[in-house]
Amino acid sequence: QVQLVESGGGSVQAGGSLRLSCAASGRTISDYYMGWFRQTPGKEREFVAGISRSGGSRYYVDSVKGRFTTSRDSDKKTVYLQMNSLKLEDTAVYYCAARPSLSFTYHYLTWSEYDYWGQGTQVTVSS
């Protein structure tokens, strides 16, 4: 069992930066693929970024490539999402998620593939 808690959300002007953290408790996350999703009202939860169990492979949705970076610190059982050059359309509730993975390269892009979720943190980008 893994419990996930996100932090670091808030309000920022367009062009600004935020860093989200996802702290895990319970089992070690070294065997887990970690993903970041976001959701706006009335829309399905959207994959944003993911990182393999070793941290050696990362995947980003096209809309955030070059602006967002995900990383993990397995010793601290924490995953990060650094968000730069934020745009109005990045406004959403952001969630981290985890699932066990044997692969060091496969990326899980749909929300239904994940077993554990955080409670979400609001990111609001204004003009």
Side-chain angles (χ1 to χ4, degrees):
Q1 196 79 345
V2 175
Q3 294 80 41
L4 303 173
V5 178
E6 301 99 336
S7 61
S11 297
V12 64
Q13 287 192 321
S17 298
L18 285 173
R19 188 176 82 154
L20 305 183
S21 299
C22 174
S25 59
R27 293 191 58 182
T28 176
I29 60 170
S30 59
D31 297 334
Y32 286 74
Y33 183 93
M34 303 298 294
W36 288 95
F37 287 76
R38 63 188 179 188
Q39 190 170 26
T40 55
K43 292 191 176 181
E44 190 166 287
R45 202 164 287 191
E46 171 194 29
F47 177 86
V48 175
I51 186 166
S52 65
R53 52 181 290 184
S54 67
S57 183
R58 306 172 192 187
Y59 189 95
Y60 301 93
V61 68
D62 285 347
S63 60
V64 308
K65 279 181 183 176
R67 301 189 298 121
F68 290 12
T69 303
T70 187
S71 59
R72 64 191 297 161
D73 183 336
S74 291
D75 289 341
K76 293 183 179 179
K77 297 201 291 185
T78 303
V79 181
Y80 304 97
L81 183 67
Q82 177 66 43
M83 305 186 295
N84 298 329
S85 302
L86 282 162
K87 303 177 180 180
L88 298 179
E89 53 264 40
D90 294 320
T91 295
V93 177
Y94 284 72
Y95 299 88
C96 67
R99 61 150 293 144
S101 176
L102 296 177
S103 173
F104 289 91
T105 58
Y106 186 80
H107 295 281
Y108 303 88
L109 306 186
T110 58
W111 64 267
S112 59
E113 297 180 280
Y114 289 77
D115 298 313
Y116 304 103
W117 291 87
Q119 82 288 354
T121 186
Q122 177 70 46
V123 171
T124 302
V125 184
S126 60
S127 58

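We're numbering straight along the sequence, starting at 1.
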Taking the side chain as every heavy atom from C-beta outward, state whether [X] and [Y] have any pair of such atoms under 4.5 Å apart.
X	Y	value
Leu81	Glu6	no
Asp31	Pro100	no
Arg67	Met83	no

Where do [X] and [Y] come nearest, in terms of heavy atoms and distance?
X	Y	result
Ala24	Leu4	CB-CD2, 3.8 Å
Asn84	Ser17	OD1-OG, 2.9 Å
Ala92	Thr40	CB-CG2, 3.7 Å
Arg53	Arg72	CA-NH1, 3.3 Å

Could you grab the distance from atom [atom1] of [X] to atom [atom2] of [Y], nearest 0.5 Å is fine?
X	Y	atom1	atom2	answer
Ile51	His107	CD1	NE2	9.0 Å
Tyr33	Glu113	OH	CD	9.0 Å
Asp73	Ile29	CG	CD1	8.0 Å
Tyr59	Lys65	OH	NZ	6.0 Å
Lys77	Met34	NZ	CE	11.0 Å
Ser63	Lys87	OG	NZ	8.0 Å

Is there a path from [X] to [Y] through hydrophobic residues (I, L, V, M, F, W, Y) whose side chains come within less than 4.5 Å of each other?
X	Y	value
Val93	Val61	no
Trp111	Val123	no
Leu88	Leu18	yes
Phe47	Val79	no
Leu20	Val2	yes

*Could you pull out all residues at least two apart from Tyr114 that satisfy ring pair (Phe, Tyr, Trp, His ring centres under 6.0 Å)?*
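Tyr114: ring pair (Phe, Tyr, Trp, His ring centres under 6.0 Å) contacts with Phe37, Trp117.
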*asked:* Please check this pair: side chain of Ser30 against backbone of Thr28, looking for a donor-acceptor N/O pair closer than 3.5 Å.
replied: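 Looks like no, no N/O pair under 3.5 Å.
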*Under the 3.5 angstrom rule, does the side chain of Thr124 hit a backbone N or O of Thr91 as a donor-acceptor pair?*
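Side chain of Thr124 to backbone of Thr91: no pair is present.
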*Polar contact flag, side-chain donor to acceptor under 3.5 angstrom, Thr69-Gln82*: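 Absent: no donor and acceptor within the cut-off.
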*Around Gln13, counting heavy atoms of other residues, nucleotides and ligands shown, do more than 12 lie under 6.0 Å from its CD?*
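Open.
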*Would you list the pairs meeting disulfide bond (SG atoms under 2.5 Å apart) in which at least one residue belongs to residues 40-115, sequence neighbours left out?*
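Passing the test, one end in residues 40-115: Cys22-Cys96.
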*asked:* Evaluate Asp90 against Arg38 for side chain to side chain contact (heavy atoms under 4.5 Å, CB included), listing each step before the verdict.
replied: CA-CA 9 Å; Asp90 294 320; Arg38 63 188 179 188; 2.9 Å; yes
*Please collect all ring-ring contact (aromatic ring centres under 6.0 Å, His included) contacts where either partner lies in residues 65-106, sequence neighbours excluded, each pair once.*
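Found Tyr106-Tyr108.
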